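Working notes for the structure below.
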Amino acid sequence: MPEGPELHLGSLYVNKMCAGVVFTGPVRKSEVSKSPDVPFTCEAYRITASSRGKEVKLRLTPMKSDDSKQRSKAGQADQTMDVVFRFGMSGYFRFTSEDELPKHSHLCFYSKETPCRVLSFVDTRRFGSWQANGTWQPDRGPCIMFEYESFRKNVVTHLSDRAFDRPICEVLLNQKYFNGIGNYLRAEILFRLNIPPFVPARSVLEGLESEDLCENEKPLKTEIKDEKTSDRVKTVKEETGDLLRLCHTVPLEVVNQGGKGYDPKKEDYSEFKAWLQCYYVDGMKSLRDHNGRTMWFNGDPGPMAPKDLKSPKAKQRAKKTEDHDYTDKKKGAKGGSKSTPKKKVVKQETKTAKKEIEKSEEMVSPQKKRDQLLVGGRPAVQSQLQVQRSGVGELPDRAANEEKREAPLYCVYVFILWNSF
DNA sequence: CGTCCACGTCTAC
DNA sequence: TAGACCTGGACGG
């Protein structure tokens, strides 16, 4: 569940499910967890949640007791305790009956009912963590969604920080400045503004104001009469706002979807998947950034793109043979994972038209290939945009973002490529 | 069976 | 700037 929107949706889930529920007893941790104990026990307490960027805070509030002396005798809590969670790659909250406890529940809060129900922090990979008596992690910046003004200010007033020497796509994952942005959000945000991901961050951000000048401008949409569909009025909207504003609005779109955000296993994942314009989308390119994270983008990667010429594999590929069939897969199998320190998959445009086509096949992820279908004689990329355009009956926020773009250049690109087969 | 990949931090050379 | 930390799903042989 893990970028800003998912964390926030998680806090909404807790507040909704636990409203009016009384919890009791100790907080229990799984055997396998290495996170700290939560030394809290109470005859009757409530749980509420809040979020900030990529953290969720649970507040455990003891209910009033007639006999506070008795309570302190028994070692009961009489003060609230905050527990601050980070979700890692796979954390989320569930509220279930005791016998439906999900696998990988690592911290459990028991309700005072028979049979009882359990609020549990579930985390398959255990990259998540929590801190009893916790506070928001001090090195993390303001929340991109709910502390927008201070978030902007924090970035704009620290542009001289060496952190901004890096490519913009990598800076967007720096939680000191972009608390809540993660790997899918950075792709979606940069894509919408057509910003090459490996452009120096400072060059993109300098000149932006602390104040969002856009915020109070009402007419975000321009209505244009479409000649072809004469009687229909088509709304055309450019992406509104600068990069910092989109770091705020794009995550909020996910929250306003009301689903669970990024969660491929769940039923309601389809809406989120349809919302994605770039991340893991068929026809988009991807590159490993300098931290080994996959950056999804379209068009020019930008001047700071990893050249990867130093990677053992790239050397091998360049030296050994011009055999275009010498793929990463092959190398992986050959070299063995031990001798090659870390695989670096580079998928990029090449110069000649022929190679372009070959490479474009490599670029398509396996998952994509499954989905790759012709719809109405057009590549799926285009049809996806059409689906987005036809969205009906959405929340106002979302509706405003529906009818947003003419078919972008990449569609033309894909179309040409497609026909060249 | 094995390899690769995944929404994120952390800390140790 | 590598790795370490984990589980599990997809896919290949």
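Chain A is the first sequence line, chain B the second, and so forth, proteins listed ahead of strands; every chain is numbered from 1. Here the structure is a predicted model, which is why all the values come from computation and not from measurement.
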Does [X] have a side-chain nitrogen or oxygen under 4.0 Å from the phosphate oxygens OP1 or OP2 of [N]?
| X | N | result |
| --- | --- | --- |
| A/Arg125 | B/dA6 | no |
| A/Gln175 | B/dG8 | no |
| A/Ser90 | B/dA6 | no |
| A/Gln137 | B/dC10 | yes |
| A/Arg293 | B/dG8 | yes |

From the list [options], which nucleotide is the closest neighbour of the side chain of [X]?
| X | options | value |
| --- | --- | --- |
| A/Glu3 | C/dT7, B/dG8, B/dA6 | B/dG8 |
| A/Ser129 | B/dA6, B/dC10, B/dG8 | B/dC10 |
| A/Arg166 | B/dT9, C/dT1, B/dG8 | C/dT1 |

Query raised in the report: When we call it a touch if two heavy atoms are under 4.0 Å apart, what does A/Arg140 touch: a base, just sugar-phosphate, or nothing?
Result: sugar-phosphate
Query - Interatomic distance where CG belongs to A/Asp263 and P belongs to B/dG8 [whole Å] - result: 14 Å
Query raised in the report: Rounded to whole angstroms, how far apart are CZ on A/Arg186 and C1' on B/dA6?
Result: 13 Å
**Report entry** Whether A/Phe127 stacks on the six-membered ring of B/dG8 base, 5.5 Å and 30° limits
**Finding:** yes
Query - For DNA chain B, the residues among residues 94-104 of chain A that have a non-hydrogen atom under 4.0 Å from it - result: none
Query - For A/Asn174 against A/Ala163, the heavy-atom pair lying closest together - result: ND2-CB, 3.8 Å
Requested in this report: Give the minimum heavy-atom separation between A/Val22 and A/Ala44, together with the two atoms involved.
Outcome: CG1-CB, 3.8 Å
Query raised in the report: Between A/Phe127 and A/Phe87, does the ring centre distance come in under 6.0 Å?
Result: no
Query - 5′-ward residue of the pair A/Arg86/A/Tyr184 relative to DNA chain B - result: A/Tyr184
Query raised in the report: With nearest nucleotides of DNA chain B determined for A/Lys54 and A/Thr294 from heavy-atom distances, which residue corresponds to the more 5′ nucleotide?
Result: A/Thr294
Query raised in the report: Does A/Arg202 come within less than 4.0 Å of A/Glu206, counting only side-chain N to carboxylate O?
Result: no
Write down the protein N/O and nucleotide N/O pairs, taken from nucleotides 11-13 of chain B, whose separation is under 3.5 Å; answer none if there are no such pairs.
none

**Report entry** C1' atoms of B/dC10 and C/dG8, separation to the nearest Å
**Finding:** 23 Å
Report task. Check side chain to side chain contact (heavy atoms under 4.5 Å, CB included) between A/Arg94 and all other residues, then give those that pass, not counting sequence neighbours. Result -> A/Tyr13, A/Tyr92, A/Thr96, A/Pro102, A/Ser120, A/Val122
Report task. Determine, for A/Trp296 and A/Lys285, whether the Lys NZ or Arg CZ falls below 6.0 Å from the six-membered ring centre while staying within 45 degrees of the axis. Result -> no
Query raised in the report: Out of A/Tyr280, A/Trp275, A/Tyr184, which one pairs with A/Tyr262 under the ring pair (Phe, Tyr, Trp, His ring centres under 6.0 Å) rule?
Result: A/Tyr184
Query - A/Arg28 CZ: over 12 foreign heavy atoms closer than 6.0 Å - result: no
Requested in this report: Say whether, by atom type as modelled, one donor and one acceptor occur between the side chain of A/Gln175 and the main chain of A/Leu173 under 3.5 angstrom.
Outcome: yes
